[in-house]
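Have a look at the structure that comes next, please.
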Amino acid sequence: MDIMQLLATRRTYRRFDPKPVPADVIHDMVEAVRLSSCGANRQAVRLVIVARPEDVARVQPLVKWAAYLPAEQGVPAPGQQPTLFVAVVQDTTIPGDLDTDTGIALANLTLAAWAKGVGSCIMGAIDRPRLAQLLGLAETEKLHSMVALGYPAHASHVVPMTESTGIKYYLDENRDYCVPKRSAEEIARYL
Ligand SMILES: Cc1cc2nc3c(=O)[nH]c(=O)nc-3n(C[C@H](O)[C@H](O)[C@H](O)COP(=O)(O)O)c2cc1C
């Protein structure tokens, strides 16, 4: 897939097939983060891979899905839940703009997964205290986000943002996601 096609289809996915994410995809995601650009090459981002089904099940109640949708539309039903979580953690003993570094790492990670057909949802609405305990994080490690992953069970389309759509994603008649995006003219201008 060419890079623009990859970027257009690498959307947020919230319903998944039960098929597990293979080891080579996990390997690629770790590599994608390891190779990320970061301020002063300080490399403060850490990952905790949650792959065992019993551990994945313990994470499920600690993340919040799709704030713009009613639960029956946005929360994955049993059998459609992600099969893998990756915790994205910052080593706070390392100085720098860790949030920028983490954003770049998240983009690389989710693109590497999508290049092999694995969809993702970056999740910031999470129960950090309980997850930090479950993940065994050190005092100096800050949980930035969880990434939910799996093979998508729905499509997601970018649609033009209009006055009637606003910024909120919605489901169409096929229960596929529609994600309004601002026009190129709105987001970029020439000096
Ligand atoms: C930093 C960040 C935090 C997010 N947190 C959540 C979340 O807690 N729950 C959720 O369902 N989606 C979450 N999302 C997904 C966004 O809702 C999604 O990226 C946005 O609606 C645009 O859709 P797109 O990724 O397909 O472009 C998050 C995305 C980002 C980048």
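This one's a predicted model, so the numbers in the text were calculated from it and none came from an experiment. Whatever order the structure lists ligands and atoms in, that order sets their numbers, starting from 1.
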Checking the N or O distance criterion of under 3.5 Å, is ligand 1 in contact with Lys181?
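For ligand 1, there is an N or O atom that lies under 3.5 Å from one belonging to Lys181.
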Which residue holds the protein heavy atom closest to atom 2 (C) of ligand 1, what is that atom called, and what is the gap in Å?
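Ranked first by proximity to atom 2 (C) of ligand 1 is Ile122 CG2, 3.8 Å.
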Element-labelled atoms of ligand 1 that are located less than 4.0 Å from some non-hydrogen atom of Tyr169
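With Tyr169 as reference, the close atoms of ligand 1 come out as 17 (O), 21 (O).
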Per-atom contacts of ligand 1 with Trp65, taking only distances under 4.0 Å to non-hydrogen atoms:
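Counting atoms of ligand 1 from 1, those under 4.0 Å from Trp65 are 11 (O).
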Would you mind checking which non-hydrogen protein atom is closest to atom 23 (O) of ligand 1, with the distance to 0.1 Å?
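I find the closest protein heavy atom is Val179 CG1, 3.6 Å.
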Just how far is it from atom CG of Leu135 to atom CG of Leu62, taken to the nearest 0.5 Å?
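Rounded to the nearest 0.5 Å, the CG-CG separation comes out at 9.0 Å.
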How long is the straight-line distance from CZ of Phe85 back to CG of Leu47, given to the nearest 0.5 Å?
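That separation rounds to 15.0 Å.
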Output the list of atoms in ligand 1 that are nearer than 4.0 Å to some heavy atom of Arg11, sorted by atom number.
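This gives 24 (P), 26 (O), 27 (O) as the contact atoms.
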Find out whether Met146 and Val88 are in side-chain contact, i.e. whether some heavy atom of one side chain is under 4.5 Å from a heavy atom of the other.
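Of all side-chain heavy-atom pairs linking Val88 with Met146, none is under 4.5 Å.
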Looking only at atom types and distance, does a side-chain atom of Asp172 sit under 3.5 Å from a main-chain N or O of Asn174, one as donor and one as acceptor?
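The answer is yes, because a donor-acceptor pair under 3.5 Å joins these two groups.
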Among all protein heavy atoms, pick out the one at the shortest distance from atom 9 (N) of ligand 1; state its residue, atom name and that distance to 0.1 Å.
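The closest one turns out to be Lys64 O, 2.9 Å.
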May I ask you to check whether Ser120 and Trp114 show a side-chain donor-acceptor distance below 3.5 Å?
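Trp114 and Ser120 do not have a side-chain donor-acceptor pair below 3.5 Å.
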Can you list the ligand 1 atoms lying under 4.0 Å from a non-hydrogen atom of Met123?
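Checking each atom against Met123, I get 5 (N), 6 (C), 7 (C), 8 (O), 9 (N).
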May I ask you to decide if His144's main-chain N or O and Arg128's side chain share a donor-acceptor pair within less than 3.5 Å?
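Here the side-chain-to-backbone pair exists.
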Atom 8 (O) of ligand 1 - nearest protein heavy atom and its distance:
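Ranked first by proximity to atom 8 (O) of ligand 1 is Ala125 N, 2.9 Å.
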Quick one, Phe16 and Gln80 - any side-chain contact, counting heavy atoms below 4.5 Å?
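No, side chains not in contact.
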Would you find more than 12 non-hydrogen atoms of other residues, nucleotides or ligands less than 6.0 Å from His157 atom NE2?
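Enclosed.
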Counting only heavy atoms, which portion of Lys168 has something under 4.0 Å from ligand 1: side chain, backbone, both, or neither?
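The answer is neither; Lys168 stays 4.0 Å or more away.
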Contacting atoms of ligand 1, where contact means under 4.0 angstrom from a heavy atom of Arg10
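Near Arg10, the atoms of ligand 1 are 25 (O).
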Which residue and heavy atom of the protein sit nearest atom 19 (O) of ligand 1, plus the separation:
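That would be Thr12 OG1, 3.2 Å.
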What do you think, any protein heavy atom under 4.0 angstrom from atom 13 (C) of ligand 1?
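When distances to the protein are checked, atom 13 (C) of ligand 1 has a heavy atom within 4.0 Å.
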With a cutoff of 4.0 Å, is Ala66 in contact with ligand 1, counting heavy atoms of the residue only?
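Judged by the 4.0 Å heavy-atom criterion, Ala66 does count as contacting ligand 1.
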Any side-chain donor paired with an acceptor under 3.5 Å for Thr102 and Gln90?
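Present: a donor and an acceptor within the cut-off.
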Closest non-hydrogen protein atom to atom 3 (C) of ligand 1, residue and atom name please, with distance?
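Scanning the protein heavy atoms, the shortest distance from atom 3 (C) of ligand 1 goes to Gly124 N, 3.6 Å.
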Spacing of Arg58 atom CZ and Arg52 atom CZ [to the nearest 0.5 Å]:
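One gets 8.5 Å once the value is rounded to the nearest 0.5 Å.
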Atom CG in Asp55, atom CD1 in Ile49: separation rounded to 0.5 Å?
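Rounded to the nearest 0.5 Å, the CG-CD1 separation comes out at 12.5 Å.
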Which bit of Cys121 gets closer than 4.0 Å to ligand 1, counting heavy atoms only: side chain, backbone, both or neither?
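Near ligand 1, Cys121 shows its side chain, while the N, CA, C and O stay back.
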Protein heavy atom at shortest distance from atom 16 (C) of ligand 1
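It is Arg14 NH2, 3.8 Å.
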